[in-house]
There are 2 protein chains.
Amino acid sequence: MTPQGPPTAQARPVDADEPWMRGLHADTGYLLYRLGLRSGQLFNAALQESGLRLRHYALLRYLATVEGAPQRELSVRLGYDPSAIVGLVDDLERLRLVERRPAPADRRRRIVVLAEAGRAYLRDTDEASHRVTDELTGPLTAEERDTLHALLLRVAEQRDEG
Amino acid sequence: MTPQGPPTAQARPVDADEPWMRGLHADTGYLLYRLGLRSGQLFNAALQESGLRLRHYALLRYLATVEGAPQRELSVRLGYDPSAIVGLVDDLERLRLVERRPAPADRRRRIVVLAEAGRAYLRDTDEASHRVTDELTGPLTAEERDTLHALLLRVAEQRDEG
DNA sequence: GAACAACCATTGACGTCAACAACGATTGGT
DNA sequence: ACCAATCGTTGTTGACGTCAATGGTTGTTC
């Protein structure tokens with residue numbers, strides 16, 4: 001398909017009708033990738049003052065929905081490697097936001113439980129979380145934000161099994 | 001704000017009415033973050049066979065829209081650090097997909113130009129790129145994909161200055 | 001009930017990546 | 001002719017994902 005031009009690079013004008021020429025933001029996938037990066041940066045910046053990062057926040061958030069989970073479950077549900085969970089729980093336990101408990105039936109497992117301070121932390125950072133989302137979806141109306149959220153949720157639940 | 005309960009962690013049931021209890025995927029920002037990660041993984045997996053990664057692909061994609069750009073411009077437009085651009089252009093130049101040229105007016109600048117092989121590469125990987133987006137937006141209808149893309153575009157252009 | 005495979009949390013190593021400081025070469029302004 | 005700013009480049013640091021390996025524990029199978 002390459003024309004008879006020389007094999008070396010040429011700064012000739014591009015053909016804007018070609019399908020591979022639709023610009024950077026033509027792919028929804030790439031768009032999601034870039035916005036995900038920006039969203040993570042904003043989140044981490046907002047959480048920076050408390051010394052935690054987005055990963056810790058996600059873990060706390062999940063713990064608030066299940067009241068206690070072994071680290072293996074955290075690894076599967078959050079999509080982080082088991083070795084990563086260790087460090088995250090270490091950090092959170094050091095801050096008394098979380099507590100490791102022995103599992104009654106299986107002495108291999110260690111149940112991670114949200115501590116009272118962890119609940120308070122979630123309460124306090126909820127506002128910051130809202131700020132990030134607002135800043136991110138700034139150019140959208142309230143209805144558009146809802147539809148965007150609903151669509152993203154459908155896409156996210158594709159593999160997350162609810 | 002903490003109730004009179006003991007200061008240690010308690011596995012008591014959570015109050016589902018509290019605003020900080022809306023589950024993991026309640027925030028659009030966090031949702032974007034997670035989907036961005038997945039999208040990047042899918043993209044990189046699709047591009048893996050060609051030895052390049054998503055960053056290279058984005059750079060090629062941008063070069064196809066501007067017919068030559070100094071590395072500084074690539075850094076600003078793609079959002080990557082100038083030092084990152086160096087490595088990316090190195091890789092692409094090694095594969096003859098891109099060419100560095102001296103800028104006629106400014107001997108500091110080096111204009112990066114898409115080579116003919118780079119154009120062919122974009123043509124060939126366009127299909128793979130479509131596959132990734134299709135897999136990502138699988139549970140959505142065609143109309144929903146369009147609206148999702150439009151909404152993401154609005155959000156993305158917030159700071160990207162078009 | 002003894003051997004064996006599977007599982008859980010943990011540690012360590014390796015490669016990737018973003019962010020930052022610093023440098024040589026070059027440019028433009030005064 | 002000086003001085004600040006710019007461009008590409010190198011190097012460093014810290015966060016992060018992935019994988020292999022280990023100690024302790026469980027369940028299974030003969």
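Because only heavy atoms are used, hydrogens play no part in the values below, and waters and symmetry mates are left out as well, while side chains stay in. Every chain is numbered from 1, with letters handed out A, B, ... down the list of sequences. Here the structure is a predicted model, which means the values were calculated and not measured.
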(message) Closest approach to the side chain of A:Arg109, judged atom by atom: which nucleotide of D:dC7, C:dA9, C:dT16 is it?
(response) C:dA9

(request) Find the distance B:Leu74:CG to D:dC7:P and express it as a whole number of Å. (result) 12 Å

(message) Measure CZ/A:Arg53 against P/C:dA19 and give the value in whole Å, please.
(response) 14 Å

(request) Compare all side-chain heavy atoms of B:Asp91 with those of B:Leu95 and state whether any distance is below 4.5 angstrom. (result) no

(request) Would you tell me if any nitrogen or oxygen in the side chain of A:Arg100 comes within less than 4.0 Å of OP1 or OP2 on C:dA9? (result) no

(message) Which nucleotide wins on minimum distance to the side chain of A:Ser83, given the candidates C:dA9, C:dT16, D:dT18?
(response) D:dT18

(request) Output yes when at least one side-chain N/O atom of B:Arg110 is less than 4.0 Å from OP1 or OP2 of D:dT9, else no. (result) yes

(request) Calculate the interatomic distance between A:Ile85 atom CD1 and C:dC8 atom P; express it in whole Å. (result) 14 Å

(message) For the backbone of A:Arg100 and the side chain of A:Glu93, can you confirm whether one donor and one acceptor N or O come within less than 3.5 Å of each other?
(response) yes

Are there any protein N/O atoms within less than 3.5 Å of an N/O atom in nucleotides 22-26 of chain D, and if so, which ones and at what distance?
from	atom 1	to	atom 2	distance (Å)
D:dT25	O2	A:Arg108	NH1	3.4
D:dT26	OP1	A:Arg107	N	3.2

(message) OP1 or OP2 of D:dC7 versus the side-chain N and O atoms of B:Arg72: is any pair under 4.0 Å?
(response) yes

(request) Round to a whole Å and report the spacing from CD1 of B:Ile111 to C1' of D:dT6. (result) 14 Å

(message) Would you say that more than 12 heavy atoms from the other residues, nucleotides or ligands in this model lie under 6.0 Å from the CZ of A:Arg72, or not?
(response) no

(request) Rounded off to whole Å, could you give me the CG-to-P distance for the B:Asp90 and C:dT16 pair? (result) 15 Å

(message) Cation-pi check for B:Tyr62 against B:Arg77: NZ or CZ below 6.0 Å from the six-membered ring centre and within 45 degrees of the axis, yes or no?
(response) no

(message) Would the distance check show the side chain of A:Asn44 and the main-chain N or O of A:Arg53 forming a donor-acceptor pair, the cut-off being under 3.5 Å?
(response) no

(request) Find the distance A:Tyr33:OH to C:dT16:C1' and express it as a whole number of Å. (result) 11 Å

(message) For the backbone of B:Tyr121 and the side chain of B:Thr125, can you confirm whether one donor and one acceptor N or O come within less than 3.5 Å of each other?
(response) yes

(request) Measure from CG on A:Leu52 to P on D:dA15 and round the result to the nearest Å. (result) 13 Å

(message) What's the closest nucleotide to the side chain of A:Asp81 if the choices are C:dT16, C:dC20, D:dT18?
(response) D:dT18

(request) Whole angstrom is fine here: how far is it from CG in B:Leu59 over to C1' in D:dG8? (result) 14 Å

(message) If the cut-off is 4.0 Å, is A:Gln71 near the phosphate of C:dC8, judged by side-chain N/O to OP1 or OP2?
(response) no

(message) Nearest heavy atom decides the nucleotide; on that basis, is B:Ala84 or A:Leu88 closer to the 5' end of DNA chain D?
(response) B:Ala84

(message) Please check this pair: side chain of B:Thr147 against backbone of B:Glu144, looking for a donor-acceptor N/O pair closer than 3.5 Å.
(response) yes

